[in-house]
Structures are given as structure tokens and as C-alpha cells.
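Got a structure here, written out as C-alpha cells. Questions coming.
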Amino acid sequence: MANHDEPGAPNQTRATASPALRARFAPSPTGYLHVGGARTALFNWLLARSRGGCFILRIEDTDLQRSSEEMTRVILDSMRWLGMDWDEGPFFQSQRLGLHRRTVERLLSEAKAYPCFCPPQRLEESRRAAEREKRAWIYDRTCLGLTAEEALQRRRAGVPGLVRFRVPEGETVFQDLIQGEIRFDNRLIEDFALQRSDGMPTYHLSVVSDDIDMRISHVIRGADHISNTPKQILLYEALGQAVPEFGHLSLILGPDRKRLSKRHGATAVEHYRTQGILPDALINYLALLGWSPGGDREVMAAAELVERFDLSRVNKANAVFDVAKLEWFNAQHLQQMEIGKLTERVRNEFFENGLLDRVFASEPAQMEAAVALLRSRCKTLHDFSRWGRAFFLEEFEIDPEGRKKYLSDPAIFPVMQELAGRYLALAEFSLASTEQVLRDLAAERGVKPGALIGAVRVALTGNAVAPGLFEVMLHLGRERTVARIRRSAAAP
RNA sequence: GGCGCUAUCGUCUAACGGUUAGGACGCGGCCCUCUCAAGGCUGAAAUACGGGUUCGAUUCCCGUUAGCGCUACCA
């Protein structure tokens with residue numbers, strides 16, 4: 001078995017209850033990790049973890065033109081960020097060419113595959129003609145009748161050739177773990193390529209060779225692979241190998257019910273990470289997109305997903321990706337997360353924005369208090385730095401709307417000044433006393449309490465919308481509270 | 001065009017022949033309240049269509065329609 005272990009990659013072998021189960025995720029590094037890919041990975045991961053099996057990561061990089069190391073790195077990062085740890089790999093398909101080559105040789109020597117020298121242009125024209133006339137087209141087996149000698153001659157003459165699989169007669173049937181029984185008439189399956197004329201293996205050949213070599217028992221992948229499955233089963237049979245279990249996941253659709261793609265906007269896992277989405281929330285949302293544990297519980301941690309996961313409860317129909325619901329899950333996880341952990345994430349959020357050194361509330365306890373005040377109002381990590389700034393930083397913007405609504409009438413300024421003075425003189429700066437003082441003052445001056453509260457809220461937080469005002473005061477402390485009220489009351 | 005898969009509220013889904021078709025997101029209303037959230041209560045909202053099978057179909061079968069996928073010397 002080839003190996004290419006990344007330093008730092010999880011690679012421990014688990015004690016397995018059913019050592020037979022081996023699942024894998026096999027992305028091709030032609031782009032970032034797509035949410036669809038992430039869901040495929042997740043279902044494999046959940047299956048392996050829930051059944052004490054092994055989760056293997058394999059990078060299918062045999063398309064040398066489109067694959068890049070950079071993309072491999074991004075995919076691995078996204079996997080790690082989501083918390084999907086793997087037991088073996090990552091293996092790189094491009095480093096396993098010897099195995100693929102030997103597999104082709106074997107098939108060739110057993111006459112289960114044959115060389116084909118048909119000029120690609122001819123095939124292409126014929127295919128296009130068929131399409132124009134709306135006829136089905138499959139390779140016509142011109143080269144199947146070639147004798148060994150003829151083949152050798154052409155090869156010597158330098159005619160480029162590929163290797164095709166000889167599809168046997170009959171019908172290929174399999175029990176899909178998700179879709180149920182699926183059958184294909186072999187007459188509709190063409191003699192597909194195993195090896196390109198440049199000697200590189202094709203997808204079908206390399207997946208099957210690798211899955212056999214890695215003793216994969218469960219192939220869980222997207223429904224777009226359903227029609228590839230009979231070809232691959234035929235290969236297993238030709239190689240005299242046991243056919244693994246297959247499970248085809250429905251596809252994730254955009255709001256227009258087309259397959260989710262960049263056209264719909266954000267599809268990269270990386271995007272959601274930078275948008276302040278929690279990995280647990282994304283995992284939770286993705287798991288429930290197509291799977292239901294039954295019952296009414298929806299908000300679950302990864303451990304609970306693992307515990308309750310059951311492939312037989314996976315839905316067959318395609319599902320539309322709904323960002324609003326993802327955000328709701330995120331808010332739920334934000335609410336339920338242990339406060340210390342959440343504070344750590346928020347701290348990181350400020351760090352990534354280059355703000356951390358200016359955060360006055362950098363003492364863990366103080367920062368935690370701010371997070372506790374804000375969390376029920378935040379849907380993403382971003383919201384903490386977006387409109388919760390005044391809770392962490394001395395410099396913050398006054399929202400123009402807020403100013404207009406509560407600070408446009410200068411009559412409020414002297415009242416605010418008086419309030420600041422009274423707060424300064426207050427024996428005990430508490431929740432009850434600050435509120436009492438404010439309400440008393442409002443009554444004395446004939447100001448509506450709401451107007452004064454609003455003005456002070458804008459002064460303290462820069463916003464007309466914020467957590468409970470007196471809690472905010474306590475969080476900021478007497479000095480900051482007084483200073484901010486005076487600052488706003490003094491402003492023209 | 002061929003082949004394959006799918007079909008419950010706008011969206012994600014539950015109901016494995018008998019339910020006032022349940023829950024969640026989103027949307028509306030009410031409560032709570034210093035604003036906004038959160039929370040609680042509540043409202044509108046679905047079995048694509050047509051045939052069977054059955055005492056009885058969301059559920060089983062067939063067809064229609066629609067959607068999606070595949071149809072490469074990509075993966």
C-alpha cells in the first residue's frame with residue numbers, strides 16, 4: 001500500500017468493534033472543499049465512527065492538469081477544521097500508478113481488456129453525429145477484433161492507443177444502501193477506457209484498484225456516481241474481487257433546484273469558516289441535509305450525530321441548501337457552546353481582524369462577560385466584532401441611525417451630564433441602583449425613561465440595538481460608562 | 001435522444017396501509033420588555049397528476065408529468 005503520511009495528520013489506528021468496515025473519502029483536488037463534498041465526507045465519517053470502522057482519505061489527483069497541491073492543502077484544512085479526522089492517509093492516487101499499471105496488464109493478459117487504436121477524432125465525430133440525430137452512441141468495438149499481432153504492429157508504428165475494458169454480456173444489479181436495487185443492462189455500457197494513450201490510468205480503473213487495495217468495504221459517494229457503479233462492479237468481478245457495498249447520496253441543490261455550484265454563491269467550506277460559521281453547526285446542518293435520526297431533536301453535537309447515525313435513514317431525494325437554516329443552527333450552537341470555548345473563538349475572531357491588541361476587555365473573565373451578554377443576539381462569530389465592538393474596544397462608531405433617533409435633540413444632553421454626575425457619586429454601582437438613578441432622573445426632568453435609556457444606549461454601545469442597558473453599564477464599569485455618556489453629551 | 005434516480009408545507013424532514021399528515025427553518029400574530037435578540041404561546045402553509053391493489057392509501061404497483069444525474073483517453 002502506498003503511503004504519503006502528512007506530518008500532523010491524524011493517523012492512529014482505532015480499536016474497532018467491526019474491523020471489517022472501511023469507508024473512504026476520495027476528493028479530487030481540482031478545487032476547494034465544496035459543501036457537497038463535505039457532506040459526502042461527513043456521511044462516510046459518521047458511518048465509520050458510528051460502526052467502529054476505519055475512515056480513509058485518498059486524494060484523486062490523476063488529472064494532473066487540473067489538480068494542485070494548493071487545493072489538496074485547502075481540502076485537508078477544511079476537513080480538519082470540520083473535525084473529520086481520518087485514520088489512514090491521505091494517500092495520493094498519483095503515487096500509486098504502479099498498482100494501476102499492473103491491474104491493466106492483468107486484465108489485458110486475461111483478455112478482459114484490449115487495446116484500441118481508433119483515432120479520437122473519428123470517435124468524436126461519430127459521437128457528435130449520433131447526438132445530432134438524437135441516437136444513443138457507444139463505442140462500436142472496432143478494435144476488439146484486433147489480433148495480438150495487429151496490435152503490436154500498430155504500437156510499433158507509433159499509433160497512440162488506449163486500453164478498453166471488455167464489458168461482458170448480461171445485467172449488472174446491485175443493492176444500493178441508500179437507493180435500493182438498481183439495475184443496468186450491460187448492452188448499454190460501452191467498453192470504457194482503463195488507460196489513456198499516455199499511459200495514465202482512468203478514473204474507473206484507479207478507483208477500483210485503490211479501493212480493492214485499501215480493502216474498502218463501503219463506498220459512500222454522490223448520486224452522480226450511480227451510472228459509474230455498474231462499470232466498477234464489472235471491474236471488481238473481472239478481477240475476481242468481492243464487490244463492496246455502495247451507497248449513493250442525493251445531491252445538494254441550489255435555491256433554483258439546480259445542482260449547487262459557484263453560480264449560487266458560497267459553496268466552499270472555507271467560505272463559511274471565514275464568515276464566522278462554527279464547524280459544529282455546519283456539520284450539524286449538513287448531517288441533517290438528507291439524514292434524519294427521527295424524533296424532534298435537531299441541534300446536536302458531533303458526538304451525538306455519530307451515536308445516532310444510521311445509513312438506512314438517509315433520504316433518497318435531492319435537498320436544497322438553505323443558508324438561513326444553517327445560520328439558525330449556528331446561532332443555536334453559539335448559544336449552547338460552553339462559554340469559555342466560545343470566548344476563545346471570539347478572541348480568535350478579533351485576532352484575525354487585527355484588533356486583539358486594542359481590546360480592553362482582554363481579561364478572560366471580562367471578555368467572557370461581554371460574550372455572555374452578546375451571544376443570544378449573534379448568529380455568527382462575525383457579529384461579535386461587527387456590532388459588538390463597543391463591548392471590547394474603546395474606539396467604535398456611533399451608528400448614524402442611532403444618533404438620529406436618540407441624540408438629535410440637544411435637550412437630552414444636560415440630562416445625560418447630570419446622569420453621569422450622579423453615577424459618579426453613587427455609593428454602589430449596581431444593576432438596581434443604576435436603573436433607579438436613571439428612572440428617578442428621567443421623572444424629575446420630565447423625560448420619558450425610554451428616551452433617556454435610548455440616548456445612553458447609543459452613547460455606550462454606538463447602537464440603538466444592544467443588550468439590556470444596565471447590564472451593559474455593569475460590564476463597562478462605572479468609569480467607562482460615565483466617560484462615554486459625557487463624551488456623547490458633549491458632542492455637538 | 002438513451003440510461004438511471006427522485007417526487008410530503010417556500011425549504012429540510014417525520015409518519016415503514018388506518019394520524020385532526022407531526023417537527024424544524026423562514027414568514028405573520030401575541031406574551032415577555034429599556035431597544036434588539038433569545039425564550040414561550042400561536043397562525044398560515046404539503047402528500048405532483050391519473051389509474052389500479054385494498055374495507056382503507058402519503059405509504060404498495062403501473063403510467064404521466066416534472067426535476068436531477070450520467071452519457072470523455074475528467075474525476
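Everything quoted here is computed from the prediction, not taken from an experiment. Just so it is clear, the values below take in all heavy atoms, side chains as well, and ignore hydrogens, waters and symmetry mates. Below, chain A is the first sequence line, B the second, and so on; all start at residue 1.
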Next item on the list: Could you check which residues of residues 438-453 of chain A get a heavy atom under 4.0 Å from RNA chain B? Sort them by number, please.
Entry: A/R439, A/I453
Note to self: Regarding A/N228, tell me which of base, sugar-phosphate or nothing describes its non-hydrogen contacts under 4.0 Å with the strands shown.
What the structure shows: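 Base contact - A/N228 has a heavy atom under 4.0 Å of at least one base atom.
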Next item on the list: Look at all strands and tell whether A/L469 reaches a base, only sugar-phosphate, or nothing, counting heavy atoms closer than 4.0 Å.
Entry: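 Base, at least one base heavy atom under 4.0 Å.
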Margin query: One thing to verify: whether A/R345 and A/E368 come together as a salt bridge, which I'm taking to mean a side-chain N less than 4.0 angstrom from a carboxylate O.
Written below: no
Next item on the list: Name the residue closer to the 5' end of RNA chain B, choosing between A/R377 and A/L288 according to the nucleotide with the nearest heavy atom.
Entry: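 Of the two residues, A/L288 wins.
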Next item on the list: Indicate whether any N or O donor in one side chain lies under 3.5 Å from an N or O acceptor in the other, for A/Q436 and A/D440.
Entry: yes
Next item on the list: Could you check whether A/A466 gets within reach of a base, just the sugar-phosphate, or nothing at all, counting any heavy atom under 4.0 Å?
Entry: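 Here A/A466 touches the bases of the nucleic acid.
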Next item on the list: Check every atom of B/A75, B/G4, B/A14 against the side chain of A/R313 and return the nucleotide holding the closest atom.
Entry: B/A14
Next item on the list: Using a heavy-atom cut-off of under 4.0 Å over every strand shown, decide if A/H225 touches base, sugar-phosphate, or nothing.
Entry: base
Margin query: For A/F246 and A/Y236, take the angle between the two ring planes, folded into 0 to 90°, and tell me which bin it lands in: parallel under 30, tilted 30 to 60, perpendicular over 60.
Written below: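 It falls in the perpendicular class, over 60°.
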Next item on the list: For A/T62, answer base if it contacts any base atom (sugar-phosphate contacts may also be present), sugar-phosphate if it contacts only those atoms, and nothing otherwise; contact means non-hydrogen atoms under 4.0 Å.
Entry: sugar-phosphate
Check: Any idea which of B/A7, B/C5, B/C73 is nearest the A/I226 side chain?
Finding: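 Per side-chain heavy atoms of A/I226, the pick is B/C5.
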Item checked: Side-chain ion pair, A/D383 and A/R386, N-O less than 4.0 Å -> yes
Item checked: Among B/G69, B/A75, B/G1, the nucleotide that comes nearest once only the side chain of A/L251 is considered ->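 From the listed options, B/G69 comes nearest.
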Check: Which nucleotides of nucleotides 19-25 of chain B have their base under 4.0 Å from a protein heavy atom (B), which only their sugar-phosphate (S), and which neither (-), written as one string 5' to 3'?
Finding: ----BBS
Item checked: Per A/F184 side chain, nearest of listed nucleotides B/C12, B/G4, B/C70 ->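 Nucleotide nearest to A/F184's side chain: B/G4.
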Notebook entry, point to check: For A/F192, which contact category applies under a 4.0 Å heavy-atom criterion: base, sugar-phosphate, or nothing?
Noted result: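 Here A/F192 touches no strand at all.
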Next item on the list: Test for a donor-acceptor pair under 3.5 Å between the base of B/A37 and the side chain of A/S376, counting only N and O atoms.
Entry: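 Side chain to base: pair found, below 3.5 Å.
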Check: Which nucleotide, B/C5, B/C12, B/U35, lies nearest any side-chain atom of A/Q179?
Finding: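 For the A/Q179 side chain, the nearest candidate turns out to be B/C5.
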Next item on the list: Determine the interplanar angle of the A/F329 and A/H333 rings, folded into 0 to 90°, and report it as parallel if under 30°, tilted if 30 to 60°, perpendicular if over 60°.
Entry: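 Geometry flag for A/H333 against A/F329: tilted rings.
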Check: Of the nucleotides B/U6, B/U11, B/C5, which one has an atom closest to the side chain of A/A317?
Finding: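 In terms of side-chain proximity for A/A317, the closest of B/U6, B/U11, B/C5 is B/U6.
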Check: Is the distance between the ring centroids of A/H225 and A/Y203 under 6.0 Å?
Finding: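 Yes.
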Check: Looking at B/C34, B/G69, B/U35, which one has an atom nearest to any side-chain atom of A/F470?
Finding: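 Of B/C34, B/G69, B/U35, B/C34 is nearest to the side chain of A/F470.
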Notebook entry, point to check: Looking at the side chain of A/D224, which of B/A75, B/U13, B/G69 is the nearest nucleotide?
Noted result: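 Among B/A75, B/U13, B/G69, the one nearest the side chain of A/D224 is B/G69.
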Checklist line | From CA spacing to verdict: side-chain contact (heavy atoms from CB on, under 4.5 Å), A/K112, A/L194 | finding: CA-CA 11 Å; A/K112 288 168 176 163; A/L194 298 175; over 6 Å; no
Checklist line | Touch class at under 4.0 angstrom, heavy-atom based, for A/P467 against every strand present | finding: base
Notebook entry, point to check: With distance as the sole criterion, do the side chain of A/S197 and the base of B/C73 form a donor-acceptor contact below 3.5 Å?
Noted result: yes
Next item on the list: Among B/C73, B/U6, B/A75, find the nucleotide with the atom closest to the side chain of A/K316.
Entry: B/U6
Check: Reckon A/R259 has a side-chain N or O less than 4.0 Å from the OP1 or OP2 of B/U6?
Finding: no
Item checked: From B/A75, B/A14, B/G26, nucleotide with atom closest to A/S292 side chain -> B/A14
